[in-house]
Amino acid sequence: MALRAALRNKCGLSSLLSQLSSCSSHGGVRVSPAFIAQRRNNSSSSAVKVDFDQSTGVAVLHMQSPPVNSLSLDFLTEFCINVEKLEMDKSCRGLIITSSQPKVFSAGLDIMEMYGKSPERCGVFWKAVQEMWLKLYSSNMVTIAAINGSSPAGGCLMSLTCDYRIMADNPRFSIGLNETQLGIVAPFWFKETLVNTVGHRHAEMALELGLLYNPSEALKIGMVDQLVPEDQVLTTAAQTMKKWLAIPDHARQITKSMMRKPTVEKLVSEREADINNFVSFITKDSIQKSLRMYIEMLKKRKG
Ligand code: CO8
């Protein structure tokens, strides 16, 4: 009942995350099979819309949180609930993640969740960020990011968790882990996700300089796998998905797990310490000052 009420009412989602956090294998959100059976087809809640095609076994998750799909606690909670539902539905074999917002895939973590908040709130927020990463990075589904806009920081991380990335070939869009530009440090699991994708040397430069790449540069270093015209991102993702789904699930899933397990296990075993690190880092006066300057810069740039 609590879950259904929360899906209707976005405001209840963050408290729901903490209520449910003891039930999952990763210490996160678990949804009952009965609930999944009831909501098997398409669903639309405020920040996320899921179109599930039973005939292909492929779901498309549209992020639709204006203006820039920033990853707030409410957004992450809703996102995780929807991914969990699909994960537990055995007829769903593939997930395409895309954005309904023009020009932006996701602006990454909601900066306002990290600025001027209590340590307790920061801890709950960080647990939700971990949960998103764990769900996607260890998903049994084939996951494809259809990156139809800019994707800095946490938005880039979300796409890096996928099995394949297709980006719109528009030089105005950018992607990368730009944390150092905000005066903050990407944690080890962000770093390892990037290293596992582009290799150590590119990851080192990208992280130290907080580089944001245009699509051609991102393709060159392997941060994305394919560029296509903006209006073909979703159709190409659907075609690519067919190829991935032609591989027997069990063989692909075991292989994926073999590649990703060390990083996943490391976060699972260090989850509490990672939350404590984040909270003590982000609440420091000097870091809060950096964030304030960055927020002001974002506002000025707009003006
Ligand atoms: N969080 C909250 N609000 C945001 C964010 C964000 N990440 N990004 C943009 N906004 C807001 C803007 O302030 C603006 O608000 P308002 O309308 O009230 O002035 C509104 O969204 C629209 O923004 P823009 O006008 O800039 O929109 P554009 O379409 O021109 O540009 C971009 C979109 C490219 C996404 C641009 O907004 C941008 O570059 N945003 C900043 C992205 C960024 O740097 N994100 C980093 C977040 S940190 C993170 O994800 C990982 C942190 C790891 C922490 C580790 C600590 C230990």
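Side-chain contact check for Phe79 versus Lys135: every heavy-atom pair is 4.5 Å or farther apart. Residues Thr193 and Leu177 fail the side-chain proximity criterion, which asks for heavy atoms closer than 4.5 Å. Counting only heavy atoms from C-beta outward, the side chains of Leu267 and Phe188 approach each other to under 4.5 Å. Taking 4.5 Å as the limit, some side-chain heavy atom of Ile111 sits within range of a side-chain heavy atom of Leu182. Leu207 is not listed as a side-chain neighbour of Thr180, based on a closest heavy-atom distance of 4.5 Å or more. The shortest side-chain heavy-atom distance between Ile97 and Met63 falls under the 4.5 Å cut-off. Between Asn277 and Pro187, every side-chain heavy-atom pair lies at or beyond the 4.5 Å cut-off. Phe278 is listed as a side-chain neighbour of Cys122, based on a closest heavy-atom distance under 4.5 Å.
When atom types are taken as modelled, the side chain of Ser150 and the backbone of Ser174 share a donor-acceptor pair closer than 3.5 angstrom. No donor-acceptor pair under 3.5 Å is formed between the side chain of Gln64 and the backbone N or O of Ser99. Panel note: side chain Glu78, backbone Leu73; no donor-acceptor pair is recorded below 3.5 Å. For the pair Arg93 (side chain) and Gly57 (backbone), a donor-acceptor distance under 3.5 Å is absent. No donor-acceptor distance shorter than 3.5 angstrom exists from the side chain of Glu113 to the backbone of Leu71, with no hydrogens or angles considered. Of the possible polar contacts, none joining the Asp89 side chain to the Lys85 backbone as a donor-acceptor pair under 3.5 Å is found. Looking only at distances, no side-chain donor or acceptor of Thr197 sits under 3.5 Å from a matching main-chain atom of Met223. Of the possible donor and acceptor atoms, none in the side chain of Asp169 sits under 3.5 Å from a partner among the backbone N and O of Pro229. At least one donor-acceptor pair under 3.5 Å links the side chain of Arg252 to the backbone N or O of Asn140.
Both Ile282 and Met112 are part of a single hydrophobic cluster, where members link through side-chain heavy atoms under 4.5 Å apart. When hydrophobic clusters are built by joining Ile, Leu, Val, Met, Phe, Trp and Tyr residues whose side-chain heavy atoms come closer than 4.5 Å, directly or via intermediates, Met132 is grouped together with Met114. Ile175 and Met205 fall into different hydrophobic clusters, where Ile, Leu, Val, Met, Phe, Trp and Tyr side chains are chained together by heavy-atom contacts under 4.5 Å. Under the 4.5 Å side-chain contact rule for hydrophobic residues, Val195 and Trp189 do not share a cluster. Note: the hydrophobic cluster containing Val279 also contains Leu76 (ILVMFWY, side chain heavy atoms under 4.5 Å, direct or indirect links).
Summarising the geometry of Val264 relative to Ser138, their closest heavy-atom pair is CG2-CB, 4.2 Å, with the distance given to 0.1 Å. When all heavy atoms of Ala128 and Cys80 are compared, the pair lying nearest together is O-SG, 4.4 Å. A pairwise comparison of heavy atoms in Pro171 and Asn214 identifies O-CB, 4.0 Å as the closest pair. Annotation for Ser106 and Pro152: closest pair O-CD, 3.2 Å, computed over non-hydrogen atoms. Taking every heavy atom of both residues into account, Ala146 and Thr98 meet most closely at O-OG1, 3.0 Å. Considering all non-hydrogen atoms of both residues, Gly154 and Glu179 come closest at N-OE2, 4.3 Å.
Ion pairing between a basic and an acidic side chain is recognised when a charged N comes within 4.0 Å of a carboxylate O; Arg260 and Asp163 show such pairing. Under a 4.0 Å N-O distance rule, the pair Arg201/Glu204 qualifies as a salt bridge. Taking a cutoff of 4.0 Å between a charged side-chain nitrogen and a carboxylate oxygen, Glu131 and Arg271 qualify as a salt bridge.
One finds the CG atom of Leu298 at 11.0 Å from the NZ atom of Lys300 (value rounded to the nearest 0.5 Å). A distance of 4.5 Å separates OG1 in Thr263 from CG in Asn196, rounded to the nearest 0.5 Å. Atom-to-atom distance recorded for Asp225:CG and Cys162:SG is 10.0 Å, nearest 0.5 angstrom. Expressed to the nearest 0.5 Å, how far OH of Tyr213 lies from NE2 of His202 amounts to 7.5 Å. From Leu291, atom CG reaches atom OG of Ser286 across 9.5 Å, with rounding to the nearest 0.5 Å. Rounded to the nearest 0.5 angstrom, Glu230 CD and Arg172 CZ are separated by 7.0 Å.
Between the side chains of Ser70 and Asp110, a donor-acceptor pair is found at a separation under 3.5 Å. Side chain to side chain, Ser139 and Glu87 meet the donor-acceptor criterion of an N or O pair below 3.5 Å.
Ile166 belongs to a hydrophobic cluster with Val58, Val60, Ile96, Val142, Ile144, Tyr164, Val228, Val233, Leu234, Met241, Trp244, Leu245, counting contacts under 4.5 Å between side-chain heavy atoms of Ile, Leu, Val, Met, Phe, Trp and Tyr, direct or through other members.
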Show your working on side chain to side chain contact (heavy atoms under 4.5 Å, CB included) between Thr240 and Gln226 and close with a plain yes or no. CA-CA 10 Å; Thr240 307; Gln226 192 176 350; 4.1 Å; yes
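Of the candidates Phe105, Trp133, Tyr137, Phe105 is the only one forming a side chain to side chain contact (heavy atoms under 4.5 Å, CB included) with Met158.
Ring-plane geometry between Trp126 and Phe190 is classed as parallel, the angle between the planes falling under 30 degrees on a 0 to 90 degree scale with a further cut at 60.
Within a 6.0 Å radius of NZ in Lys256, other residues, nucleotides and ligands contribute more than 12 heavy atoms. Heavy atoms from other residues, nucleotides or ligands lying under 6.0 Å from CG of Asp285 number 12 at most.
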